[in-house]
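Down below is the structure, laid out as structure tokens.
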Amino acid sequence: MGYKKFVTNTLELCFQIKTFSFFAAPFCESKKNTKSKFVTLFFLLLCSGTAWSQTTTYYLTDSTSYSSSATIWDLSTSSPSSPDNNSDINVTLGATGVYQFIPGKNITSTYSASNNFTGGGWETGALTGTLPASPCTLNVKLINGNGLLSLAGNMQARLLAGTNTNGSNATTITNWISSPNSLNVAANQTATDSFAMSLPSSTALINEHLFLEVAWNSTDSLAFSVTFVSNESTENFVIPDIVPFTSTPTNSATNTATNTATNTATQTATNTATNSSTNTPTTTATNTATNTST
């Protein structure tokens, strides 16, 4: 793409950003803007954060550094490389329904719906700030372990938050969200899925952990065996960056009082010494009377 076309496309983008209607007007009047105007507009958009959203990628690992529970594995920002295939669901005939994957466990029965954290899933470290109401993205990999039959269904997931590392008393951020992608995995084959999880509202976190639970919704009554792969870079959970809290009013008031007292004392001492040493007695008397009156 040539420079002129690149500048033109970028300038036209400003019309789609309502927040910048005021700033963008001077720059979008003509497509023949100079390079300096383009750079200025680019700087405004970049600083605002409205044109580019920031995210953090958490990998579904098989480590347990955050919790003492063997069935709560880490959501880590460090990319792993060795796959873990120890989270399985193995079911005989009559297998329709939702089955939750428990890290490191072999599951044979359906999940009983509950608002509480089940004690099996993936967990971040403690976070403080606001989790914005922007979509998260879950990327997973599955293996059909049945050598004869295909695997049919779709993924589900939900997000919770809590201060306890074992997930007790954690509150739900989202209900169970179903992937819109129906999977049909041939015998002994691997499949991947990626789907968005919309957050209903922003969430304030104060030294809290995020907990991710995942499940398989079987739509076929045949027997199946499915493995949820973890501990690879391709299995991850992408969330919007946590926004730090702003300073409290108490801190602002304290800082203002301290600065005012310090500045007043310093200026008074400096002015008195200067006037006394530099001016004649006549001038000093005049200045003192003037200052007192004022």
Side-chain angles (χ1 to χ4, degrees), residues 52-89 99-107 117-132 134-145 154-167 170 172-174 176-179 181 183 185 190-199 203 205 207-216 226-243:
W52 293 271
S53 60
Q54 300 298 315
T55 59
T56 299
T57 299
Y58 287 92
Y59 300 96
L60 282 70
T61 73
D62 60 1
S63 302
T64 56
S65 60
Y66 302 133
S67 174
S68 58
S69 172
T71 57
I72 304 178
W73 291 359
D74 294 350
L75 281 171
S76 173
T77 54
S78 299
S79 176
S81 57
S82 179
D84 188 302
N85 299 336
N86 294 313
S87 304
D88 308 301
I89 298 173
Y99 298 77
Q100 184 182 353
F101 289 104
I102 303 296
K105 296 294 184 180
N106 178 31
I107 303 302
F117 179 61
T118 59
W122 282 261
E123 168 189 11
T124 69
L127 302 171
T128 296
T130 300
L131 176 64
S134 299
C136 304
T137 301
L138 179 61
N139 300 291
V140 303
K141 179 192 288 186
L142 302 173
I143 300 175
N144 181 1
N154 64 301
M155 287 295 302
Q156 292 188 356
R158 73 170 175 173
L159 188 64
L160 306 91
T163 55
N164 299 322
T165 58
N166 63 359
T172 56
I173 296 177
T174 70
W176 284 99
I177 296 175
S178 296
S179 169
N181 308 313
L183 302 180
V185 189
T190 299
T192 59
D193 190 19
S194 177
F195 64 99
M197 297 176 60
S198 297
L199 304 183
T203 303
L205 304 172
N207 199 35
E208 294 182 67
H209 303 256
L210 295 179
F211 296 91
L212 175 69
E213 295 177 315
V214 294
W216 173 253
V226 57
T227 297
F228 184 88
V229 182
S230 59
N231 211 55
E232 289 183 312
S233 61
T234 51
E235 297 88 54
N236 56 65
F237 185 50
V238 183
I239 70 170
D241 278 351
I242 303 297
V243 180

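Between the side chain of Asn154 and the backbone N or O of Ser179 there is at least one donor-acceptor pair closer than 3.5 Å. The backbone N or O of Gly120 sits less than 3.5 Å from a side-chain atom of Gln100, completing a donor-acceptor pair. Between the side chain of Thr128 and the backbone N or O of Asn207, at least one donor-acceptor pair lies under 3.5 Å. Formation of a donor-acceptor pair under 3.5 Å by the Asp84 side chain with backbone atoms of Asn86 is found in this model. In terms of modelled atom types and a separation under 3.5 Å, the side chain of Thr174 and the main chain of Leu159 share a donor-acceptor contact. Thr71 contributes a side-chain N or O that, together with a main-chain N or O of Gly119, makes up a donor-acceptor pair within less than 3.5 Å. The closest donor-acceptor contact from the side chain of Asp62 to the backbone of Trp73 lies at 3.5 Å or more, if one exists at all. Using a distance-only test at 3.5 Å, with no hydrogens or angles considered, a donor-acceptor pair links the side chain of Ser87 to the main chain of Gly104. With hydrogens and angles ignored, the 3.5 Å screen pairs a side-chain donor or acceptor of Asp241 with a backbone N or O of Thr56.
To the nearest 0.5 Å, the span separating CD on Glu123 from CG on Leu210 amounts to 9.0 Å. Atom CD of residue Glu208 and atom CG of residue Leu131 lie 10.5 Å apart, to the nearest 0.5 angstrom. For the atom pair OG of Ser76 and CG of Leu60, the computed distance is 10.5 Å after rounding to the nearest 0.5 Å. Interatomic distance, OG1 of Thr203 versus CD1 of Ile242, reported as 8.5 Å (0.5 Å rounding). Atoms CZ and CD1, from Phe101 and Ile89 in turn, are 4.0 Å apart once rounded to the nearest 0.5 Å. To the nearest 0.5 Å, atoms CG (Asn236) and OG1 (Thr57) are separated by 5.5 Å.
Among Pro83, Ser81, Ser82, the single residue meeting the side-chain contact (heavy atoms from CB on, under 4.5 Å) criterion with Asn231 is Ser82.
For the pair Tyr58/Thr77, a side-chain contact is recorded, criterion being any heavy-atom separation below 4.5 Å from C-beta on.
The aromatic rings of Trp122 and Phe228 sit tilted relative to each other, their planes meeting at an angle between 30° and 60°.
Defined by atom type and a distance below 3.5 Å, a donor-acceptor pair is present between the side-chain atoms of Asp74 and Ser65. In this model, no donor atom of one side chain and acceptor atom of the other lie less than 3.5 Å apart for Asn106 and Asp88.
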